[in-house]
Amino acid sequence: YLKEFVPDGTKVFSAGVETHGVNPKAIETMKKDGIDIANHTSNDVNEFMDIEFNYMITVCDNAKERCPHFSSKAYRFHKNFPDPAKAKGAELEVAEKFDEVRDMIKQYCKQFVDAYL
């Protein structure tokens, strides 16, 4: 969602402390909101160690604790979101959890961009 809300010309990168590929349920969930992430990749944070970032956002406690130190003057932010991939239940219940977390992320990204960009 950051890419949807940032001003033109702003570069947005996404990476994690583990790579698992893009979850098909996440692709489906984002598609319901008009965003196609089918061609996105699952990148390791170490791929971006040489980039001088302005902002860094961790989105789960595990990532915050395990994220390598970037020698950067980036402002760091943290927001822990539930992991919808860990949701249990019927298919509809899991889909609802993905939707719920998607909406939380969307709101956070919009607020972040409004406040800092």
*Among Phe53, Phe112, Tyr108, the one residue meeting ring pair (Phe, Tyr, Trp, His ring centres under 6.0 Å) with Phe77*: Phe112

_Rounded at 0.5 Å granularity, tell me how far NZ in Lys86 sits from NZ in Lys88._
9.5 Å

*Using a 4.5 Å cut-off on heavy atoms from C-beta on, say whether the side chain of Lys32 contacts that of Asp99.*
yes

*List the steps, then state whether side-chain contact (heavy atoms from CB on, under 4.5 Å) holds for Val22 with Ile37.*
CA-CA 8 Å; Val22 180; Ile37 63 168; 4.1 Å; yes

*Would you confirm whether Glu52, through its side chain, and Lys73, through its main-chain N or O, come within 3.5 Å as a donor-acceptor pair?*
yes

*Any idea which heavy atoms bring Glu47 and Asn43 closest together, and the distance?*
OE1-ND2, 2.9 Å

*Hey, quick one: are Ile27 and Val12 part of the same hydrophobic cluster, counting side-chain heavy atoms closer than 4.5 Å, chains of contacts allowed?*
yes

*Closest approach of Leu2 to Ile57 (non-hydrogen atoms, all atoms of both residues)*: CD1-CD1, 4.1 Å

*Out of curiosity, Lys79 NZ to Ile105 CD1, how far, rounded to the nearest 0.5 Å?*
10.5 Å

*Are Phe98 and Ile35 connected in the hydrophobic side-chain network, where two residues link if heavy atoms are under 4.5 Å apart?*
no

*Would you tell me whether Ser42 and His20 have side-chain atoms, one donor and one acceptor, within less than 3.5 Å of each other?*
no

*Give the minimum heavy-atom separation between Asp36 and His40, together with the two atoms involved.*
O-NE2, 4.1 Å

_Parallel, tilted or perpendicular: ring planes of Phe5 versus Tyr1, cut at 30 and 60 degrees_ = parallel

*Search all heavy atoms of Leu117 against all heavy atoms of Pro7 and return the closest pair with its distance.*
O-CG, 3.8 Å

*What's the shortest heavy-atom distance between Asp33 and Lys106, and which atoms?*
OD2-NZ, 3.0 Å

*Do NZ/NE/NH1/NH2 and the carboxylate oxygens of Lys97 and Glu100 come within less than 4.0 Å?*
yes

_Take a 6.0 Å sphere around CD of Glu91 and say whether it holds more than 12 heavy atoms from other residues, nucleotides or ligands._
no

*Could you tell me whether the side chain of Met104 reaches within less than 4.5 Å of the side chain of Pro82, counting heavy atoms only?*
yes

*Check Val113 against Val6 and note the closest heavy-atom contact, atom names and distance.*
CG2-CG1, 3.9 Å

*Counting only heavy atoms not in Tyr75, do more than 12 sit closer than 6.0 Å to its OH atom?*
no

_Using a 3.5 Å distance criterion without hydrogens, assess whether the side chain of Arg102 forms a donor-acceptor pair with backbone atoms of Thr29._
yes

_Nearest-0.5 Å distance that lies between atom SG in Cys109 and atom CG in Asp114_ = 11.0 Å

*asked:* To the closest 0.5 Å, what do you measure between CD1 (Ile51) and CZ (Phe13)?
replied: 4.0 Å

_Same apolar cluster (I L V M F W Y, side chains within < 4.5 Å links), Phe81/Met56_ = no

